[in-house]
Visitor: 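The structure is given below, and queries will be raised subsequently.
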Amino acid sequence: EEGGTVAALLSATKKTMAAMRETVGERIRSSIGGDTGALAAALVTAEERAISRETVEALRQAGLAHVLAISGLNMALAAGTFLIGARTVLSMVPGLAHRVSIKKVAAAGALLMVCLYILISGGAVSALRAWIMISIMLVAVFFDRMSISLRNVALAAIVIVVLMPSAVAGPGFQMSFAATLALVAGYGRWRERRAGKAEASGSRSKGRLITGVAAGILITSLIGGLATSVYSIAYFHRLPA
């Protein structure tokens with residue numbers, strides 16, 4: 001009887017989340033309208049059925065189709081926007097930063113944000129992987145530990161394999177983790193190199209900062225594209241133009 005109660009509760013929760021997801025998607029599509037609204041709804045709920053075929057094909061040709069699949073980019077934007085915004089607002093309260101760690105308070109709020117996001121996003125493999133990693137990163141803030149590491153990637157992979165072992169054979173799992181592994185490893189190497197250069201020069205100019213940001217965007221795109229190109233060819237028989 002207890003097992004039946006738990007099953008009924010889970011079923012009711014799933015129905016509620018599905019209804020909420022549909023309501024949110026429909027509200028976004030009706031408010032914005034057209035393919036713009038459909039794209040906005042897809043970025044929140046991962047529901048792509050309202051996007052026209054022409055728009056989907058244009059995104060594929062431009063190499064941007066992966067943006068529609070809720071993953072690290074979406075989770076990082078949701079968590080990062082809340083984290084930076086909340087920390088900025090809290091820092092404006094006189095004396096608050098001296099009494100409490102506003103960074104940890106903001107991280108707690110961002111953690112709640114991504115938990116709500118994963119519930120409304122449909123829980124695809126890429127979204128689940130990103131949620132686990134973002135959650136680990138935010139929890140690491142509470143303990144003043146490094147948030148981005150290959151350990152996080154490994155832990156996310158273990159959790160998904162335990163919960164959904166069949167996902168390993170799908171392109172979502174393989175492409176998501178291929179890109180993430182390459183980016184985390186590349187970021188670690190670049191961070192070590194920049195730290196060495198900073199120690200050697202002793203200062204960082206504004207020009208170097210701007211150059212570093214531009215180079216980071218370019219290198220991130222290059223690493224992610226190269227890491228997933230093999231899977232894109234194998235599964236979809238195409239490369240972005």
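Computed from a predicted model, the values in this text were never measured in an experiment. Both backbone and side-chain heavy atoms feed into the values below; hydrogens, waters and symmetry mates do not.
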Visitor: Within the 3.5 Å criterion, strictly below it, is a donor on Thr55 or Ser52 matched to an acceptor on the partner's side chain?
Guide: yes
Visitor: Closer than 3.5 angstrom, by distance alone: can the side chain of Arg21 be matched with the main-chain N or O of Thr45 as a donor-acceptor pair?
Guide: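 Answer holds: yes.
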Visitor: Taking all atoms of both residues into account, what is the closest heavy-atom pair of Met75 and Ala130, and its distance?
Guide: CG-CB, 3.6 Å
Visitor: Taking Ser91 for the side chain and Thr88 for the main chain, is one N or O donor matched with an acceptor at less than 3.5 Å?
Guide: yes
Visitor: Could you measure the distance from the OG atom of Ser121 to the CE atom of Met17? Nearest 0.5 Å is fine.
Guide: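 Result: 9.0 Å between the selected atoms.
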Visitor: What are the two closest non-hydrogen atoms of Gly37 and Ile28, and how far apart are they?
Guide: O-CG2, 3.8 Å
Visitor: Answer with yes or no whether the hydrophobic clustering places Val93 together with Ile84; edges join I, L, V, M, F, W, Y residues whose side-chain heavy atoms lie under 4.5 Å apart.
Guide: no
Visitor: Drop me the distance from Leu163's CG to Ile160's CD1, to the nearest 0.5 angstrom.
Guide: 8.0 Å
Visitor: Treating Ser229 as the side-chain partner and Leu226 as the backbone partner, does any N or O pair qualify as donor plus acceptor under 3.5 Å?
Guide: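 Indeed, once roles are kept as given, a pair shorter than 3.5 Å links the two residues.
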Visitor: Determine whether Leu43 and Ile70 make a side-chain contact, defined as any pair of heavy atoms from C-beta on separated by less than 4.5 Å.
Guide: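 No - every pair of side-chain heavy atoms lies 4.5 Å or more apart.
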Visitor: Any link between Leu83 and Leu96 through a network of hydrophobic side chains (Ile, Leu, Val, Met, Phe, Trp, Tyr) touching at under 4.5 Å?
Guide: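 No, Leu83 does not connect to Leu96 through the hydrophobic network.
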Visitor: How long is the gap from CH2 on Trp131 to CG on Leu111, to the nearest 0.5 Å?
Guide: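 Going from CH2 on Trp131 over to CG on Leu111, the span is 8.5 Å.
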Visitor: According to a hydrophobic-cluster definition based on side-chain heavy atoms being under 4.5 Å apart (Ile, Leu, Val, Met, Phe, Trp, Tyr only), do Val141 and Leu90 belong together?
Guide: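 Per the 4.5 Å side-chain linkage, Val141 and Leu90 are not co-clustered.
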Visitor: Quick check on the hydrophobic clustering: are Leu150 and Ile132 connected, directly or via other members, by side-chain heavy-atom contacts under 4.5 Å?
Guide: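 In one cluster with Leu150: Ile132, yes.
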Visitor: How close do Ala107 and Phe142 get, heavy atom to heavy atom, and via which atoms?
Guide: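 That closest heavy-atom pairing would be CB-CE2, 3.8 Å.
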Visitor: Does some side-chain heavy atom of Gln174 sit less than 4.5 Å from a side-chain heavy atom of Thr228?
Guide: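 Result no, sub-4.5 Å side-chain heavy-atom pair not found.
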Visitor: How far apart are the C-alpha atoms of Lys104 and Asp144, what are their side-chain angles, what is the distance that settles it, and do they pass the side-chain contact (heavy atoms from CB on, under 4.5 Å) test?
Guide: CA-CA 9 Å; Lys104 294 180 180 180; Asp144 301 312; 3.6 Å; yes
Visitor: Grab the two heavy atoms, one from Ala179 and one from Ala227, that are nearest each other, plus how far apart they are.
Guide: CA-CB, 4.1 Å
Visitor: Between Glu47 and Glu22 (side chain of the first, backbone of the second, donor and acceptor by atom type, cut-off under 3.5 Å), is there such a pair?
Guide: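 Side chain of Glu47 to backbone of Glu22, a donor-acceptor pair under 3.5 Å: no, none is there.
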Visitor: When rounded to the nearest 0.5 angstrom, what distance separates CD1 in Ile51 from OG1 in Thr36?
Guide: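 One finds 10.5 Å between CD1 of Ile51 and OG1 of Thr36.
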Visitor: Say whether Tyr117 and Met113 are linked into one hydrophobic cluster, either directly or through other cluster members, by side-chain heavy-atom distances under 4.5 angstrom.
Guide: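 No, Tyr117 and Met113 fall in different hydrophobic clusters.
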Visitor: Give, for atom CD of Glu48 and atom CG of Leu39, the distance between the pair rounded to the nearest 0.5 Å.
Guide: 9.0 Å
Visitor: Can you name the nearest heavy-atom pair linking Tyr231 to Ala178, along with the distance?
Guide: CE1-CB, 3.5 Å
Visitor: After noting the C-alpha distance and the side-chain angles of Ile134 and Met137, does the key distance pass the side-chain contact (heavy atoms from CB on, under 4.5 Å) rule?
Guide: CA-CA 5 Å; Ile134 291 290; Met137 291 169 59; 4.2 Å; yes
Visitor: Please say whether more than 12 non-hydrogen atoms of neighbouring residues, nucleotides or ligands are located less than 6.0 Å from NZ in Lys103.
Guide: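 At most 12 heavy atoms, drawn from other residues, nucleotides or ligands, come within 6.0 Å of this atom.
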Visitor: Nearest 0.5 Å, what's the CG-CG distance between Leu59 and Asp35?
Guide: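 Nearest 0.5 Å value for the CG-CG distance: 9.0 Å.
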Visitor: Would you name the heavy atoms of Ser135 and Val114 that are closest together and state the gap between them?
Guide: OG-CG2, 4.3 Å
